Every structure is written in C-alpha cells, then in structure tokens.
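First the structure, in the form of structure tokens, and then the observations on it.
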Amino acid sequence: MHPSCALIVWLAAVIGVQFAGYAGLALLAVAALALAPRSVYRWMAYVRRARWLLLTLWLILAYNAPGEAWLDNPWAPTYEGMAEAGLQAVRLLVMLLWLAWLFTAQGRDGMVSGLWGLFRPWGRFGIKADRLVVRLSLVLDNLQSSREKGAWRRMLLTGGYDTDGPASLGLLVVPWAPRDTLAVLGCIAGLAGVWVL
C-alpha cells in the first residue's frame with residue numbers, strides 16, 4: 001500500500017470511529033487486524049501506556065452524565081454515563097489499534113514518505129512540504145530516542161539547538177497503484193455511509 005494511501009485509510013478510520021457504534025467498532029477493529037495482524041503487539045503496548053487515560057476518561061464520563069444512578073446509590077455513576085463511558089473507551093481503543101496498524105504497516109520512513117506525498121500538492125498554496133516533512137521526521141526521531149538525564153539543561157545552554165540530528169533525510173518514493181485508488185474510494189464510500197447512517 002502506498003504510504004499516502006495508508007495515511008488516508010488511517011484518517012478515514014479515525015473519523016469513522018467517532019460515529020460508529022459497537023458493531024461498527026468491531027468491524028473497524030477486525031479490518032485493522034486483518035490488514036496487519038502483527039499490529040496487535042504494538043497495540044497492547046499503546047493500551048498499557050494509555051491505561052490511566054482510559055480509566056480517567058471512563059470515570060469522568062460515567063460520573064458526569066445525567067441519568068439514573070447505578071443501583072440507586074447517590075455516589076454511583078449513572079447508567080447513561082456508564083454506557084457513554086464504555087462506548088468512548090472502546091472508541092479510543094480502536095483508534096489506538098489503527099495507530100498501531102499505521103506504524104506497523106508503514107514505520108517511520110513510510111509515515112514521512114506518506115506525509116510528503118500528501119503535502120506536496122499543497123506547494124501551490126505556499127506550504128513547503130519538504131520543510132514540514134523534515135521537521136516532522138526530526139520530531140519522530142526525537143520521540144523515539146531516549147535522552148540522558150539532564151539533557152534539557154544542555155539544550156537550554158545551547159539555545160535549544162541539538163546538533164546530534166541526522167545530516168540528511170532519505171525519502172522512500174513508492175509509485176501509486178490502482179489498488180491505492182480503490183482503497184481511497186472505499187474510504188470515501190465508507191465515510192459517506194457512516195455520515196448518512
């Protein structure tokens with residue numbers, strides 16, 4: 001799959017997750033796992049990292065939605081709140097699964113190449129795709145590398161410029177295939193179907 005097409009598919013899935021119920025979320029999760037079964041390991045790592053976010057999201061939604069209290073206890077969340085909290089938590093889990101799919105299927109180089117392909121046509125409007133992709137690549141490199149303790153002090157002393165970065169950036173250019181066009185059209189049709197329903 002073309003890296004730009006993978007980003008479009010990922011974006012369509014993330015948008016579709018916002019409107020889907022449990023059946024649609026199950027379908028989206030099965031689709032992500034069918035496209036890249038190995039993404040389940042990365043997904044489990046993402047879920048482990050987001051466990052406190054998931055718990056906090058669930059508690060906030062469960063306790064703040066008006067409705068009938070669970071078991072008629074004044075301190076308990078509402079039935080409506082628990083239903084909404086459960087749905088939003090599953091939506092977040094499916095979004096994390098699609099993010100794991102994207103990084104498993106494309107990796108860092110594929111992400112950079114896909115973004116370059118998506119932003120390159122916007123050059124007519126003054127958006128510099130090359131600069132944007134280089135900066136994003138440096139951010140992705142920075143997020144993946146662990147810094148030694150006290151590195152922020154050195155960054156402050158040098159004016160925030162870190163000279164340890166790469167001197168050049170390689171860009172993977174993949175030709176667009178007819179199946180990529182079909183995937184994008186399928187995403188558009190799927191989003192239109194979600195929008196109508």
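Count residues from 1 along the sequence. If you're wondering where the values come from, they're calculated on a predicted model, not measured in any experiment.
Taking CE of M82 as the reference point, atom CG of L61 lies at 12.5 Å (rounded to 0.5 Å). Here the CE atom belonging to M111 is positioned 7.0 Å from the CH2 atom belonging to W10, to the nearest 0.5 angstrom. Taking CG of L115 as the reference point, atom CG of L7 lies at 5.0 Å (rounded to 0.5 Å). Atom-to-atom distance recorded for R49:CZ and L96:CG is 10.5 Å, nearest 0.5 angstrom. Here the CG-CG distance, from N64 to L59, works out to 10.0 Å after rounding to the nearest 0.5 Å.
The backbone N or O of L28 sits less than 3.5 Å from a side-chain atom of W98, completing a donor-acceptor pair. A donor-acceptor contact shorter than 3.5 Å is absent between the side chain of W101 and the backbone of A29. For the pair D180 (side chain) and W176 (backbone), a donor-acceptor distance under 3.5 Å is absent. Although no hydrogens or angles enter the test, the distance criterion places a donor-acceptor pair under 3.5 Å between the side chain of R91 and the main chain of A20. One N or O on the side chain of Y22 and one on the backbone of L87 form a donor-acceptor pair closer than 3.5 Å. Although no hydrogens or angles enter the test, the distance criterion places a donor-acceptor pair under 3.5 Å between the side chain of S39 and the main chain of A36. Between the side chain of R51 and the backbone N or O of R48 there is at least one donor-acceptor pair closer than 3.5 Å.
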